[in-house]
Amino acid sequence: MQVNSQRKYNSIMWIILFGIFIFHGVLEDALPFVNVFDEAVALLCFPLAAYDYYKNRKKEPTRLAKSKRLELALLSAFLLCGLMGNLLYRFQPTWIVAVSAVLAAKFFMILLSAGYLQKYLGIELEEQEAAVQVLSLLWFAYYALSLLLPRIFIQPEAWDICAKSSLLFALLVFCRHRRVWLYRVCLLLMLVMLALSGKEKAYGAIIIFALLYYLIVHKKVQTKIRYILYMAVPIALLAWNKIYYYYIEGSGRFAKSIMTSASLKIAKDYFPIGTGFGTFGSTYAARNYSPVYYLYGIADNPELGESSRQYLTDLFWPILLGETGILGTLFYCALILLLFIQIQRIYYYNPRKYFLLIYMFVFMLITTFSEAGFMQPMVMVFAFIMGVVLEEYEGKRKEKMKFFN
């Protein structure tokens with residue numbers, strides 16, 4: 001009885017956290033504390049890691065502990081690169097540096113926090129069918145209200161719609177289907193939202209989902225790096241008009257090409273650690289207009305100047321190259337590679353869970369070439385779900401290994 005009560009309590013906690021992640025962009029306008037919700041979850045990774053180490057310090061180190069230690073080491077090295085740039089060049093005040101450092105590493109910090117939370121909550125994600133369906137209906141209902149009553153309800157951004165709807169669609173397929181009719185209705189509603197978002201990424205998400213589901217669930221194929229590159233081809237074709245417009249026809253004239261070119265120059269001039277957090281391409285480099293923009297002539301552009309500040313945060317790789325240099329970019333790539341390796345292990349445990357993880361991974365990886373990628377606020381819910389599933393696998397693997405010890 002007590003065990004069932006605890007499981008119910010843990011499930012409610014998970015639903016609340018997941019719900020806030022889904023409606024984060026909507027709630028932050030009405031509830032001020034929601035503004036720092038994902039940052040608070042991210043910062044939990046350090047006290048949770050300390051607690052986990054203290055609790056298990058006398059036990060033999062496990063594969064899970066080694067994996068987490070490596071992730072923490074790479075994350076710390078990445079943060080150190082950016083902070084060294086801040087200490088050496090001092091382009092931004094300390095509070096900007098601190099906030100920007102958390103925002104830059106937030107995805108992997110939330111991934112770690114979710115893993116530790118799952119370790120002690122023990123959520124069975126496949127059993128959360130009702131919660132996912134309710135959240136899908138609420139998400140669509142709010143979107144519909146924002147279209148009908150725009151003066152009362154703020155319409156979610158197209159990127160937000162694309163990221164959250166695609167995740168809910170994937171979770172709907174992933175969870176067990178007890179109410180088939182409701183499951184189908186929710187799937188249809190998420191597809192409608194993706195289509196109405198008007199983003200090429202939304203159509204790309206549908207293509208990626210269909211390809212991965214066919215290959216992994218039906219054909220039992222494990223995803224390789226080259227398969228991801230193959231999938232990027234139809235996405236690139238969908239977005240070719242914009243790629244040509246920004247990088248070829250408008251090279252040196254439009255924000256994306258200017259920011260990309262400037263980041264490469266910064267990486268060379270401030271080799272190997274860049275100019276530091278909050279100095280180029282990130283949110284607070286725009287809010288507290290970075291002096292680096294004056295050094296590289298970006299402030300002279302009418303769209304990127306201090307009076308406009310448009311399109312300064314549209315790209316992912318220029319942020320890494322500019323703020324943390326070649327070295328920091330390599331550490332961040334190592335974090336992405338480590339995540340891919342961790343996901344690959346899930347294939348032999350549960351192909352459906354592997355499909356869910358690889359879908360989110362591919363979706364985010366492709367968006368790094370047109371948005372802020374892993375640093376985009378909308379994908380922090382991806383980190384939360386990924387951390388839960390990866391830890392669930394590790395927990396069950398450890399249970400099975402007990403029989404062989």
Side-chain angles (χ1 to χ4, degrees), residues 4 7-27 121-149 153 155-156 158 160-199 201-220 346 349-360 362-363 378-379 381-382 384-386 388-389 392:
N4 289 335
R7 286 184 63 185
K8 187 176 180 181
Y9 171 75
N10 292 347
S11 182
I12 290 170
M13 280 190 63
W14 179 86
I15 291 167
I16 291 171
L17 288 171
F18 182 52
I20 295 175
F21 270 115
I22 290 293
F23 287 94
H24 183 269
V26 173
L27 291 172
L121 291 180
I123 296 297
E124 288 285 347
L125 196 58
E126 285 174 303
E127 299 293 332
Q128 306 305 315
E129 175 203 24
V132 175
Q133 289 175 347
V134 168
L135 287 171
S136 299
L137 292 171
L138 290 174
W139 181 234
F140 182 82
Y142 182 87
Y143 177 63
L145 287 171
S146 70
L147 294 177
L148 296 171
L149 303 168
F153 298 95
Q155 187 175 337
D160 202 13
I161 295 169
C162 183
K164 307 293 177 59
S165 301
S166 63
L167 174 60
L168 286 167
F169 185 89
L171 284 171
L172 285 164
V173 173
F174 168 78
C175 291
R176 295 193 176 101
H177 312 141
R178 296 187 182 89
R179 304 172 187 83
V180 177
W181 66 272
L182 184 57
Y183 155 73
R184 290 173 178 171
V185 168
C186 291
L187 277 182
L188 178 62
L189 294 179
M190 292 306 98
L191 278 175
V192 169
M193 287 191 72
L194 281 170
L196 291 178
S197 71
K199 286 287 225 180
K201 284 181 286 295
Y203 309 124
I206 296 170
I207 293 172
I208 292 168
F209 185 94
L211 284 172
L212 289 174
Y213 192 83
Y214 175 75
L215 290 172
I216 296 169
V217 179
H218 285 281
K219 290 295 183 179
K220 311 297 181 187
I346 308 295
Y349 161 61
N350 187 319
R352 291 177 68 85
K353 291 182 180 179
Y354 173 73
F355 156 71
L356 176 67
L357 291 173
I358 208 73
Y359 168 73
M360 290 188 283
V362 172
F363 180 86
M378 291 77 172
V379 301
V381 65
F382 285 38
F384 180 69
I385 295 297
M386 281 181 156
V388 168
V389 177
E392 182 187 340

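Everything quoted here is computed from the prediction, not taken from an experiment.
Closest approach of Val173 and Tyr213 over heavy atoms only: CG1-CE1, 3.5 Å. When all heavy atoms are compared, the tightest approach of Ser136 to Leu172 is OG-CD1, 3.8 Å. In terms of heavy atoms, Gln128 sits closest to Ile123 at NE2-CG2, 3.8 Å. Between Leu357 and Ile346, the closest heavy-atom pair is CD1-CG1, 3.7 Å. Of all the heavy atoms in Trp139 and Phe23, the pair that sits closest is N-CZ, 3.5 Å. Across all non-hydrogen atoms, the minimal contact from Lys164 to Asp160 is NZ-OD1, 2.8 Å.
For the pair Cys175/Tyr183, no side-chain contact is recorded, criterion being any heavy-atom separation below 4.5 Å from C-beta on. Under the 4.5 Å side-chain criterion, counting only non-hydrogen atoms from C-beta, Phe174 is not in contact with Val132.
Side chain of Ser165 to backbone of Cys162: no donor-acceptor contact under 3.5 angstrom is found. The backbone N or O of Tyr143 lies less than 3.5 Å from a partner atom in the side chain of Ser146, making a donor-acceptor pair.
Here Ser166 contributes atom OG and Tyr359 contributes atom OH; the two are 3.5 Å apart, rounded to the nearest 0.5 Å. One finds the CD atom of Glu124 at 11.5 Å from the CG atom of Asn10 (value rounded to the nearest 0.5 Å). Summarising the geometry, atom CZ belonging to Phe209 is positioned 9.0 Å from atom CG belonging to Leu356; distances are rounded to the nearest 0.5 Å. For the atom pair CG of Leu167 and CE of Met386, the computed distance is 9.5 Å after rounding to the nearest 0.5 Å. The CD1 atom of Ile22 sits 12.0 Å away from the NE2 atom of His24 when rounded to the nearest 0.5 Å. Distance CG/Leu196 to CG/Leu191: 10.5 Å, rounded to 0.5 Å.
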- Where do Leu137 and Cys186 land on the side-chain contact (heavy atoms from CB on, under 4.5 Å) test, with the steps shown first? CA-CA 7 Å; Leu137 292 171; Cys186 291; 3.9 Å; yes

Are Leu121 and Val388 close enough, and set up right, to give a side-chain contact (heavy atoms from CB on, under 4.5 Å), and what steps lead you there? CA-CA 10 Å; Leu121 291 180; Val388 168; over 6 Å; no

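Screening Val389, Ile216, Leu212, Val217 for a side-chain contact (heavy atoms from CB on, under 4.5 Å) involving Tyr354 leaves a single residue, Ile216.
Salt bridge Lys353/Glu392: present, at least one basic N to carboxylate O contact under 4.0 Å.
Aromatic ring orientation, Trp14 versus Phe18: parallel (interplanar angle below 30°, classes split at 30° and 60°).
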